[in-house]
Amino acid sequence: MKSVKKKRKKSLNSNTSSSNYNDLDPAKLPSHVAVIMDGNGRWAKKRLLNRIQGHEKGSKTVRTIVRACREIGISYLTLYAFSTENWQRPQSEVLALMTLLKKFLESEKKEMLDNNIRLYAIGQIERLPENVRQTLHNVMALTKNNNGMTLNLALSYGGRAEIVKMVKEIAIKAKEGRMGPDSITPEIISEHLYTHQMPDPDLLIRTSGEMRISNFLLWQIAYSEIYITDTLWPDFGKDEFVRILKDYQQRERRFGKV
Ligand code: FPP
């Protein structure tokens, strides 16, 4: 048991993985990578497994990509783990996803503490089951002063719901006379979103080939570079992640200018 632990720690602190991080330009790394993790169900179906087994394998990929980001030096990783629409899935699947999330938080707590990773969550956290919320708040509180990287989980998250929440907050301030129409700027809007403490994503990755945004970070991805891969999330790994970062580093970001 001890030797396994030692090995895990070594792999996180060293650069000996088969993915060649050394080819990446440290000066051109994205600060914030956001991921739409899609394809767990299709991965399971292809193997005649049930959807929940797909999510289980997907949660192992989460661990791999969090580690890769920490090793590479990405400051913010936002993962779309559960959308506002996902509540409409069969109750058994919702329950399995909540159980997996709780398990993930419990099993990764130590690694987050050891590796200076802060856990953060965006979305309608109040809708999560009480036991999941408690674990989430516990790990968030324990890691709140970590500054090596932020793992930001989008949970019961919807971009439109986030915009509605922002508009309501601003409307209340306006009604109370604390804000007028002229004080509403893009910066003020960003400050009223769940992501107010972090930069907008530089890179948005979607797995499993679907060409859509699915209500994810609608305001924040205005200038994000988008990369869609056909790989299903459970098959996604470090090597492909590094290839995508290399592709990102070749792109010219113009933010609407020439
Ligand atoms: C999409 O695949 C994936 C989800 C709705 C949930 C993502 C959850 C995980 C990766 C595992 C648990 C999360 C954490 C943070 C430990 P899908 O079910 O829509 O796949 P399909 O489109 O192929 O059916």
Side-chain angles (χ1 to χ4, degrees), residues 33-70 74 76-112 115 117-125 127-129 131-140 143 149-159 161 194 204-217 228-238 240-241:
V33 176
V35 187
I36 303 176
M37 309 181 288
D38 195 14
N40 294 349
R42 272 161 285 172
W43 181 91
K45 196 171 177 193
K46 268 175 48 182
R47 288 163 179 76
L48 305 177
L49 299 170
N50 64 49
R51 297 179 55 80
I52 291 161
Q53 289 166 298
H55 295 314
E56 280 166 2
K57 184 71 169 50
S59 111
K60 293 194 174 127
T61 308
V62 171
R63 186 170 306 141
T64 306
I65 298 306
V66 173
R67 282 181 165 207
C69 284
R70 180 71 184 106
I74 307 277
Y76 296 89
L77 172 67
T78 297
L79 299 176
Y80 204 3
F82 195 88
S83 72
T84 44
E85 291 72 28
N86 287 156
W87 291 114
Q88 287 153 39
R89 292 194 174 194
Q91 229 190 328
S92 55
E93 187 172 341
V94 170
L95 184 65
L97 280 166
M98 292 298 141
T99 307
L100 262 180
L101 174 63
K102 188 169 183 300
K103 267 197 197 158
F104 171 84
L105 295 170
E106 282 160 353
S107 68
E108 298 310 294
K109 180 165 79 178
K110 184 168 185 312
E111 183 148 338
M112 288 188 224
N115 292 288
I117 298 173
R118 175 178 73 133
L119 179 76
Y120 198 72
I122 58 171
Q124 301 163 337
I125 305 304
R127 290 181 73 183
L128 300 176
N131 62 345
V132 178
R133 239 182 312 142
Q134 265 182 13
T135 310
L136 184 68
H137 284 307
N138 171 262
V139 182
M140 277 169 52
T143 61
M149 169 186 148
T150 297
L151 168 60
N152 184 34
L153 296 181
L155 298 169
S156 189
Y157 174 87
Y194 291 124
L204 171 70
I205 299 172
R206 180 172 189 141
T207 58
S208 95
E210 308 293 344
M211 302 285 178
R212 43 177 186 261
I213 296 300
S214 299
N215 201 15
F216 191 42
L217 302 175
I228 295 174
T229 169
D230 285 334
T231 307
L232 306 174
W233 178 251
D235 288 328
F236 192 71
K238 258 194 222 178
E240 184 167 11
F241 185 56

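In what follows, every heavy atom counts, from backbone to side chain, and hydrogens, waters and symmetry copies are set aside. Just follow the structure's listing: the first ligand is 1, and inside any ligand the first atom is 1. Given the structure is predicted, the values throughout are model-derived calculations rather than measurements.
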Checklist entry - Under 3.5 Å between some N or O of ligand 1 and some N or O of Leu100? => result no

Checklist entry - For Tyr80 and ligand 1, does the shortest N/O to N/O distance drop below 3.5 Å? => result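 No: no nitrogen or oxygen of Tyr80 is under 3.5 Å from one in ligand 1.
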
Checklist entry - Hey, looking at atom 12 (C) of ligand 1, which of Ser59, Gly58, Ser208, Gly54 has the closest heavy atom? => result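 That would be Ser59.
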
Would you call [X] a ligand 1 contact, heavy-atom distance under 4.0 Å?
{"X": "Asp38", "value": "yes"}
{"X": "Arg51", "value": "yes"}
{"X": "Gly39", "value": "yes"}
{"X": "Glu56", "value": "no"}

Item to check | Pair Thr150, Arg118: side-chain N/O donor-acceptor within cut-off below 3.5 Å | outcome: yes

Item to check | Donor + acceptor pair across side chains of Trp87, Ser156 (<3.5 Å) | outcome: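 The criterion, which ignores hydrogens and geometry beyond distance, is satisfied for Ser156 and Trp87.
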
Item to check | Residues Arg42, Glu210: salt bridge by 4.0 Å N-O rule | outcome: yes

Checklist entry - Just heavy atoms, cut-off under 4.0 Å: does Arg89 contact ligand 1 by side chain, backbone, both, or neither? => result side chain

Item to check | Proximity to ligand 1 by part of Trp233, non-hydrogen separation under 4.0 Å | outcome: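 Within the 4.0 Å criterion, Trp233 contacts ligand 1 through side-chain atoms alone.
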
Checklist entry - What's the shortest heavy-atom distance between Tyr157 and Asn215, and which atoms? => result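 Result for this residue pair: CE2-O, 3.6 Å.
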
Checklist entry - Does the side chain of Val33 come within less than 4.5 Å of Phe241's, by heavy atoms? => result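 With C-beta onward as the side chain, the pair touches.
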
Checklist entry - Which residue owns the protein heavy atom closest to atom 6 (C) of ligand 1, what's the atom, and how far is it? => result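 Its nearest protein heavy-atom neighbour is Ala81 O, 3.3 Å.
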
Checklist entry - Which atoms of ligand 1 sit under 4.0 Å from any heavy atom of His55? => result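 Those of ligand 1 that fall under 4.0 Å from His55 are 11 (C), 18 (O).
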
